[in-house]
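Every value quoted in this text rests on a predicted model; they were computed, and no experiment measured them.
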Amino acid sequence: MADNQKDDLDIQEPEYEYAYESGDDRDCGYYGTGSTTPPKDHAWVVALVLVLLILCSGLLTALGLMDIHPFRQPNPTEPQTSVSFFAVDGTVPRNLEEPDDMESLSTQPSEGPVCPVDPDTDLQLKPSPDSGSDTAEKGPLSWQDVYAKVIPSVVSITTTSNTSTSSGTGVVMSCNGYIITNSHVVENATGISVLLTDGRVFDATCVGQDAISDLAVLYIQADNLVPAEFGDSSALRVGDDVVAIGDPLGVELRGTMTDGIISAINRDLKIGGKTMTLLQTTAALNSGNSGGPLVNCYGQVVGINTMKIGDYASVSGVEGLGFAIPMTSAKSVVQQLMTNGYVAGRPSLGVKGQMVSNFYQYYYHLPVGLLITEVIEGSSAAQTGLQLGDILLSVDGTRITGVNVLEELLYTTEVGDSVDVTIYRSGREYRMSFEIEEAKG
């Protein structure tokens, strides 16, 4: 009986398999209850892997020191999809290299054309070269002459904020210090620096900016600047030759010119809830080109470069899809920014804020929404009782899950409309209504 019980409990030992990988080859020997061949010594494989890791680390470190980022992407504010839109400003972790004699450069004007009169706020567009103007009669300029004509009017812009430093490009509008660039170049900037082609550096102030058109006007206290010649973009045709001039990837490559053609006219793109009507071009645009000029073959600025579609890291093979704001559209916006500091009729809730971070949602058990950081004094929101620290949860029943959601809602409203909002305050939700007001910068 005991022997039978022992037989019943006799459990056969399993076989243990050891598989070793070396590249694509697999050596499947058995050791123990299988093959009596001991495992091969693969110490050399481990050593080779360690050597490769050390070499890769050293290479990446060297690239970092040279400011070459093979995997760096632009700074999108939207989740990436198969086709993504990227503003071409880019964040550059570097400071503008200042000339040795900074004081003299900042205070002494360079020799140049004397501004005959103080320019008015009206941006002048020269007639189309195809309309029989004197420029057209002389024929197109060579690209060398176009560059020589335009480059004195192109400036490098460096902005600083609480968290980063970024760069962009601008175009001189008048000889007494007014400059056109993109709104996203100077958005949330705590400091703005402008580097002229002649080497002078100036601090700049923002006269006004408009996020919907993505345009901004800056002012520097400088004389004898060389204003660009602006052309009528409505005369452009698909296939016209153009060039873009700017600072791709930052000021180290400032003054770069890339050529292409006009690929499409009046291209409507919906970005962040707003629709922009833009010029499409094959001229290469990269981080830092934002705010720079798109120039025709007569040396006239016909557009302000603003964005591109895709990048090599997120949309493989997408190239030659750059976009610029037509000067015919920019003219009225720039004039209002010069006159008022803002564009009339833009809707606003009368508050400013930022989305509640994931950390604060988790640590303080706060809901998703827009944390109010400023309530405009005298606004309908202030009069209704909205306070600093409130969290805006929804507008007219739509949950505020991102700044782009709120912007898209605002673009569908008009000044004077009433909206119902839900806010979170001290652990409770409250509902209130107030009017949409005109944004004034």
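Between Tyr178 and Tyr219, the two ring planes are tilted [angle within 30° to 60°].
A distance-only check finds a donor-acceptor pair linking the side chain of Thr197 to the backbone of Ile151 [under 3.5 Å]. Using modelled atom types, no side-chain atom of Glu438 and backbone atom of Ala344 make a donor-acceptor pair closer than 3.5 Å.
Summarising the geometry of Trp143 relative to Asp241, their closest heavy-atom pair is CZ2-CB, 3.6 Å, with the distance given to 0.1 Å. For the pair Ser161 and Thr190, the tightest heavy-atom approach, listed with the atom from each and the gap, is CA-OG1, 3.5 Å. Between Pro367 and Leu393, the shortest heavy-atom distance links the atoms CG-CD2, 3.7 Å. The minimum heavy-atom distance linking Val146 with Cys297 is given by the pair CG2-O, 3.6 Å.
Scanning for salt bridge (charged side-chain N to carboxylate O under 4.0 Å, His left out) contacts around Arg346 gives Asp210, with sequence neighbours left out. With sequence neighbours excluded, the residues satisfying side chain to side chain donor-acceptor pair (under 3.5 Å) with Ser394 are Thr422.
To the nearest 0.5 Å, the span separating CG on Asn305 from CG on Leu278 amounts to 10.5 Å. Atom OG1 in Thr306 sits 11.0 Å away from atom CG in Asn289 (nearest 0.5 Å). Between the CG atom of Leu279 and the CE atom of Met327 there is a distance of 10.5 Å, given to the nearest 0.5 Å. Here the CG atom belonging to Leu125 is positioned 10.5 Å from the CD atom belonging to Glu229, to the nearest 0.5 angstrom.
The ring-ring contact (aromatic ring centres under 6.0 Å, His included) pairs that include a residue from residues 240-268 number zero, where partners must be two or more places apart or lie in different chains. For the salt bridge (charged side-chain N to carboxylate O under 4.0 Å, His left out) condition, no pair includes a residue of residues 412-424, sequence neighbours left out. Among residues at least two apart or in separate chains, salt bridge (charged side-chain N to carboxylate O under 4.0 Å, His left out) pairs with a member in residues 378-392 are Asp390-Arg425.
Between Leu410 and the choices Leu349, Val419, Val395, Val405, the side-chain contact (heavy atoms from CB on, under 4.5 Å) rule is met once, by Leu349.
Residues Asn296 and Ile262 fail the side-chain proximity criterion, which asks for heavy atoms closer than 4.5 Å. Side-chain contact between Met276 and Asp268 is absent, with no heavy-atom pair separated by less than 4.5 Å. Using a 4.5 Å heavy-atom threshold, the side chains of Phe323 and Ile309 count as touching. Within the 4.5 Å cutoff, the side chain of Val356 has no heavy atoms near those of the Val368 side chain. With contacts defined as side-chain heavy-atom distances shorter than 4.5 Å, the pair Ser193/Val201 qualifies.
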Under 3.5 Å, which donor-acceptor pairs link side chains of residues 369-387 to any protein atom two or more places apart or in another chain?
unit_1	atom_1	unit_2	atom_2	d
Thr373	OG1	Lys352	O	3.2
Ser379	OG	Ile376	O	2.7
Ser379	OG	Ala382	N	3.2
Ser380	OG	Glu435	N	3.0
Gln383	NE2	Gly378	O	3.2
Thr384	OG1	Ser380	O	2.7

Run the numbers on Thr159 and Ile157 for side chain to side chain contact (heavy atoms under 4.5 Å, CB included), then give the verdict. CA-CA 7 Å; Thr159 64; Ile157 299 173; 4.0 Å; yes

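Applying the 6.0 Å contact sphere to OH of Tyr360 captures no more than 12 heavy atoms from other residues, nucleotides or ligands.
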